[in-house]
4 protein chains.
Amino acid sequence: MKRNKPKYKQIIDAAVIVIAENGYHNAQVSKIAKQAGVADGTIYLYFKNKEDVLISLFQEKMGQFVEKIEEEIAGKQRASEKLYMLVEKHFALLAEDHHLAKVTQLELRQSNKDLRLKINEVLKGYLQVVESILQTGIETNEFHKDLDVRLAKQMIFGTIDETVTTWVMNDHRYNLIELSPKVHHLLIHGCGGSQPS
Amino acid sequence: MKRNKPKYKQIIDAAVIVIAENGYHNAQVSKIAKQAGVADGTIYLYFKNKEDVLISLFQEKMGQFVEKIEEEIAGKQRASEKLYMLVEKHFALLAEDHHLAKVTQLELRQSNKDLRLKINEVLKGYLQVVESILQTGIETNEFHKDLDVRLAKQMIFGTIDETVTTWVMNDHRYNLIELSPKVHHLLIHGCGGSQPS
Amino acid sequence: MKRNKPKYKQIIDAAVIVIAENGYHNAQVSKIAKQAGVADGTIYLYFKNKEDVLISLFQEKMGQFVEKIEEEIAGKQRASEKLYMLVEKHFALLAEDHHLAKVTQLELRQSNKDLRLKINEVLKGYLQVVESILQTGIETNEFHKDLDVRLAKQMIFGTIDETVTTWVMNDHRYNLIELSPKVHHLLIHGCGGSQPS
Amino acid sequence: MKRNKPKYKQIIDAAVIVIAENGYHNAQVSKIAKQAGVADGTIYLYFKNKEDVLISLFQEKMGQFVEKIEEEIAGKQRASEKLYMLVEKHFALLAEDHHLAKVTQLELRQSNKDLRLKINEVLKGYLQVVESILQTGIETNEFHKDLDVRLAKQMIFGTIDETVTTWVMNDHRYNLIELSPKVHHLLIHGCGGSQPS
DNA sequence: AATGAATGAGGGTTCATTCAT
DNA sequence: GATGAATGAACCCTCATTCAT
């Protein structure tokens, strides 16, 4: 299995760095190879083509992402707590790897639609985690029983994603993780939820 | 002012159509020119370069977008109502122009980071509308007085945007406008906001 | 019609020279462009791709070839005379353009099979001329009435072609045209045809 | 001597199959190695480089070719009979090995000029057989005493070669061997040789 | 103002060959 | 002898932009 060979990960890590530092459209295969310390052709021993490097990058990184978040929320009982851990861990994982944050939030979105559709496939794993939290919350009566799960998923993902993107666009100038409580509160209560109507 | 000459708008409308039908990476200047019924070189009489066409496209369309939304919410007193109109109008404007929806949600995001930064500039106008709604809500006590306006803005925009993108990705298969009440409810009350705590 | 524009012919003539001097596999598009005095991209305004340049080269040159031979044989009555003119003109046309001779006899045959099949299409025009000579000869009783026209065609073309190829392989060291009478005699009488059996 | 080791022939036979089935330009060294059941590097223990494989292929196969034809014609007295056997055996040997026919008539001609010059060297053995037949014929008065042997050789080889190539190009759709008498007749008598002049 | 023919820089990918094991 | 992972040079084509008319 190529995924377990050292060069496979070497190349993916090199791709993250090169894309973060040069931008998606200036991340030539030859640059990635150089950064990885291999010959250009070697990349094609591990990946079908350049697109495959990018998809694999996303799968690899997002896979770990989902795993780590799942570990984190497994220990929590309440949906609200689970959601909190999701937000915090999501922020933490990207805050600790600025290169990766830039690549996933800005650069990889410049890819063509086909690649983006494949990326969306990968995102489904993440969205399933969100969905299971929502289901839990409904079962425990933390959340409305007629909450529209699909839309709530979109709100949660859209909010987290937009928050991270804004943070990256501002060159990581502020502490992302510290935003977790407020973001969590917004997701649970909305803009005016705790107000008497 | 070139913006008022007929060919200026002709070219922008042609760009929307060409990008929607061919995708960002297959929207060559020559195709746009042909669709607009002008010569390739003519485009450079009205725009500095291709990027300028895209930025102008976004400015022009988003400008109208903001104007229309502002008209819509001007008549409303309560922030909650204003927010509802924002969501509904946002959805309505994109639902009535599938080409434009595809272009803004999918295709234009494939542009390079510089272009995206400029697009973000344009988005500021939109975000200011959101901000003024939030300010109104805080003043009228509809929203928490210590609501984090910046984050709430990101939630609102992130949620709306993600909802539209998902709709476009699903080939406009369902009715976007009908989602307005639920999305509005989520934004105001969050996932669990109306539950007793 | 692109075929009549000066650059069309310029590029084809440049291709003949570049291929003759560098060989098929060292005839890069950029070299052809340079020789033609145009930019690389200009070639793609007149030809679909590199293969199209080569096919067009063959069509153009072979087309003239067939035309000139047809003119030449039109004035002759007897099939034998026609055949003589075919051989002599074929030899003469290639003898007067060593570059073209090298390209058609050696270099263009290195192309891939698809290109070669298309070249064969072009050759059909030539073979039809040969066939009409043979038909004439059969009608006038110069040739056997049960001569196998298809095979005779292959003999005539194969012999002429092999003779020219050998001449090119020997770096045009001897006079090709002077071989015409002997080759003609061989084609009419064979190795032992004029001998009593 | 490497020529006698089993892998030497294994590799050559693998090359014939791979070239016939994939075409010259898709016959990578790695494919040949795989077909031969050896590692890529092993090929370089038996051959200097890829070109050497092809030349050796031609030498090996054409060597057998010439041997078999020589055996065949040794028993014949008359030049005409010898020529008949040459044609028939040539056709027969290629008709019984479609792969080899495709490789020698179509694929190997796509090689570069240097390789083709070396192939021509190999062909000299064949041409010497033809020449000896012609000399015999002249001595026995079957053929004209002032027959141009060099040109006659080219006619004979050119005609046979063109006939086989046409047959291969037509996907071996008809019986090649049955053409022997007619081809032989053409070579001896030409198109009109048996007619009174 | 409008045209559109011409420009030319730039990069993903293949594959013959090597060499450490 | 045999292996096969690694190498890295080489090239066709696209398309944003220009400028003579």
Side-chain angles (χ1 to χ4, degrees), chain A residues 2 5-8 10-11 25-34 36-54, chain B residues 2 5-7 11 25-34 36-54, chain C residues 2 5-8 10-11 25-34 36-54, chain D residues 2 5-7 11 25-34 36-54:
Chain A
K2 305 214 151 169
K5 297 199 179 169
K7 286 194 181 160
Y8 180 85
Q10 239 175 75
I11 291 165
H25 289 292
N26 267 309
Q28 293 85 352
V29 170
S30 58
K31 266 187 198 149
I32 296 173
K34 196 170 189 179
V38 299
D40 293 17
T42 304
I43 290 187
Y44 293 86
L45 295 177
Y46 293 88
F47 301 92
K48 199 151 48 67
N49 50 35
K50 186 181 179 181
E51 194 180 58
D52 189 30
V53 176
L54 304 177
Chain B
K2 305 214 154 174
K5 298 204 178 169
K7 286 194 180 162
I11 291 166
H25 288 292
N26 267 309
Q28 293 84 356
V29 171
S30 59
K31 263 189 200 149
I32 296 172
K34 195 171 189 180
V38 301
D40 295 16
T42 304
I43 288 186
Y44 292 86
L45 298 175
Y46 293 89
F47 301 90
K48 199 152 47 65
N49 50 34
K50 186 181 180 180
E51 195 178 57
D52 189 29
V53 176
L54 303 177
Chain C
K2 304 215 154 173
K5 297 200 179 169
K7 286 195 180 159
Y8 179 85
Q10 238 175 77
I11 291 166
H25 289 291
N26 266 310
Q28 291 86 351
V29 170
S30 59
K31 266 188 200 150
I32 295 173
K34 197 170 189 180
V38 300
D40 294 17
T42 304
I43 289 187
Y44 293 86
L45 297 176
Y46 294 89
F47 301 92
K48 202 151 46 68
N49 49 36
K50 186 181 177 180
E51 194 180 59
D52 189 29
V53 176
L54 303 178
Chain D
K2 303 212 156 173
K5 298 205 179 169
K7 285 192 181 165
I11 291 166
H25 288 292
N26 268 308
Q28 292 85 357
V29 170
S30 59
K31 263 189 201 147
I32 295 173
K34 197 171 186 181
V38 301
D40 294 15
T42 304
I43 288 185
Y44 291 86
L45 298 174
Y46 292 88
F47 300 91
K48 198 152 50 65
N49 51 33
K50 187 182 178 179
E51 195 179 56
D52 189 28
V53 176
L54 304 178

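These numbers come from the heavy atoms of this one structure, side chains and all, not from hydrogens, waters or symmetry mates.
If you find the closest nucleotide of DNA chain E to E51(D) and to N49(A), the one lying nearer the 5' end belongs to N49(A). Both Q28(A) and N26(D) sit near DNA chain E, but only Q28(A) has its closest nucleotide nearer the 5' end.
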Tabulated below should be each protein N or O lying under 3.5 Å from an N or O of nucleotides 1-4 of chain E; please produce it.
residue: dA2(E); atom: OP1; partner: K7(B); partner atom: NZ; Å: 2.8
residue: dA2(E); atom: OP2; partner: Y46(B); partner atom: OH; Å: 2.8
residue: dT3(E); atom: OP2; partner: A39(B); partner atom: N; Å: 3.0
residue: dT3(E); atom: OP2; partner: T42(B); partner atom: OG1; Å: 2.4
residue: dG4(E); atom: N7; partner: G41(B); partner atom: N; Å: 3.2

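In this structure, K50(A) places its NZ atom 8 Å from C1' of dG12(E), rounding to the nearest Å. Rounded to whole Å, atom C1' of dG11(E) lies 15 Å from atom NZ of K34(A). As rounded to whole Å, 10 Å separates atom P of dA16(E) from atom CD1 of I43(D). Rounded to whole Å, the distance from CZ on F47(A) to C1' on dT14(E) is 18 Å.
Every residue meeting the ring-ring contact (aromatic ring centres under 6.0 Å, His included) condition with F47(D), not counting sequence neighbours, appears here in chain and number order: Y8(D).
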Exercise answer: donor-acceptor pairs, residues 26-34 of chain A side-chain atoms, under 3.5 Å, sequence neighbours excluded:
residue: Q28(A); atom: OE1; partner: K31(A); partner atom: NZ; Å: 3.1
residue: K31(A); atom: NZ; partner: N26(A); partner atom: O; Å: 2.9

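Nucleotides of DNA chain F lying under 4.0 Å from heavy atoms of chain D occupy a range whose first and last members, 5' to 3', are dA2(F) to dG4(F).
The residue V29(B) sits close to a base: some heavy atom pair falls under 4.0 Å.
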Determine which bases of DNA chain E form Watson-Crick or G-U wobble pairs with both distances under 3.5 Å, and write the result as a 5' to 3' dot-bracket string with | for other-strand partners. .||||||||||||||||||||
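In summary, of the residues considered (L45(D), V38(D), I43(D)), a side-chain contact (heavy atoms from CB on, under 4.5 Å) with K7(D) occurs for V38(D) alone.
Evaluation of the salt bridge (Lys or Arg N to Asp or Glu O under 4.0 Å) test over residues 38-50 of chain C, restricted to residues two or more places apart or in two chains, returns none.
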